[in-house]
Amino acid sequence: MGTQKSIVLVTVDCLRADHVGFMGYRRPTTPFLDSLAKESFVFPTAIVAGAPTYYSFPAILGARYPLALGRDVLGLAPDEASLVSVLKQEGYATASFGAGNPYISAQFGYEQGFDSFSDFLDSEPAPLAEEQTAAVVPNGWASRLNHKLQAIRPALGPLGIVYDELYFRYCQRVTPVAGSLDALRRFPSADVIVDHACTWLASVGDKPFFLWLHLMDPHAPYYPKEEALRLLRDESITPARARYLNSYWNRSDLGPGRLAHHRDDVVALYDAGIRWADEQMGRLIASLRASKQWDDCIFALTADHGEEFLDHGGRFHPPSGLKEELIHVPLLLRVPGSVKKELSKAPFSLLHLAPTLLDAAQLRAPAEFQGHSAWDQVREGAGFDGVAISECVAGCTNPFRREGRVGSRVLSVRETRFKLVLQFDPPGEQLFDLEADPGEQAPLAPAAQKAVRRRLLEMAREHMRLSSEQRDQRMRLRARLRDLQLEWTRSSPQHS
Ligand SMILES: [Zn+2]
């Protein structure tokens, strides 16, 4: 006994690749993970298979494309093979602690295979607030005041700062005074999740284990721990100011130009969320080291998607254009007994993460997985096959409503240098040269790079063809039945 490796998988919601230190960020958001990166594999171009959360996790845990069972199916299907189901069968102790993200709850099949599953959702899962329309404005006098403010704003011209001040006062009046950032926070912070994880880890004994943690600290609304702000910068921020910034950032009546006034302050709050996740990873691993569980432990940290800060005029992480700020995430992989190698800059799709983790633990991946292990290439520092496909349904910001799920597909095919983005309604395609234009500011002219365009289009077409031809209809049916049952339970009156 003793040689079977345990696995810890940490997913941090909304964590962009370019905001962590080991990927070159200027601000010290991740000192602990940076030190761990020195003995870990760091994937320069890890790409999610879909964004946001509900289009990303079917690939992370189930190693399949998010729309493979049809656009209207979300989550893992009942009894679908996953990283967890394999490890459970192998006799692993399994647990998940997730910081209250409704899209990876039991309702969507994510509890399957876990001995212990805590999603910290105390009521019936509902959509996350900022993914609805930006609606912080209540009815009544306060709302009328805000409308008046909006009406006079154009007249203020360059005196917009006066308007900002009035809006600040407005925010103070419509929401009850909260004394601390802790009181404003919507999700359990990483220290709470790590506390639960440590308690569970102390109970597993000699068994190999699989632990999945999902952290929400960088997720909007951005209310980080005070301590994290102190760790990251000198000046503190009052709860009132943080609330104002979040309200401002959530406004639907302002364009990117005005929102940009407070962009840096909002990013500072977001970064502090990352800093706290990093701090708590340090605590988790110190605890694993102390118990000697770290000696045989594979550790992977990644994200389900990134976050927009006006890079292309947008905020948060709605399913839309699959831009790099949403699909490029960090991926750090520590495997005991292996020697760190520099990895290829070719994209590595998170579709391949689960089979790669199983392979690193010397376990076989199920035949149903669409992803394949890249452990040999990682271990030897060789290149990956180099194409990552990501997909989502445009405009589906509330997946609890089935009508929202059946919009048109958006697909991106990313190679090391080129990236093609396809929209279907209205039809359109954009080809980017990421070497010359890493910020995806200007798609190439239709006549440019014809051979590349043709090649990537062909890959997209093949992906679409396989997606419908190889669809597992029984799995799809099972998932649809689960949905119908939930809808029925919700709409029918309570029977005693
Ligand atoms: Zn997410």
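Numbering of ligands and ligand atoms starts at 1, following listing order.
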Starting from the C-alpha separation in whole Å, work towards a yes-or-no answer on side-chain contact (heavy atoms from CB on, under 4.5 Å) for Q280 and D217.
CA-CA 11 Å; Q280 296 307 314; D217 299 71; over 6 Å; no

What angle, to the nearest 10°, do the atoms NE2 (H305) and OD2 (D304) form about the Zn ion (ligand 1)?
100°

Salt bridge D72-R480, side-chain N to carboxylate O under 4.0 Å
yes

Please state the angle at the Zn ion (ligand 1) spanned by OD2 of D13 and OG1 of T53: what is it, rounded to 10 degrees?
100°

The Zn ion (ligand 1) and C14: any N/O/S contact shorter than 2.8 Å?
no

Take the angle between the ring planes of H19 and Y270 and call it parallel below 30°, perpendicular above 60°, tilted in between.
perpendicular

Candidate list W200, F57, Y92, F97, test ring-ring contact (aromatic ring centres under 6.0 Å, His included), partner W212, passing option:
F57

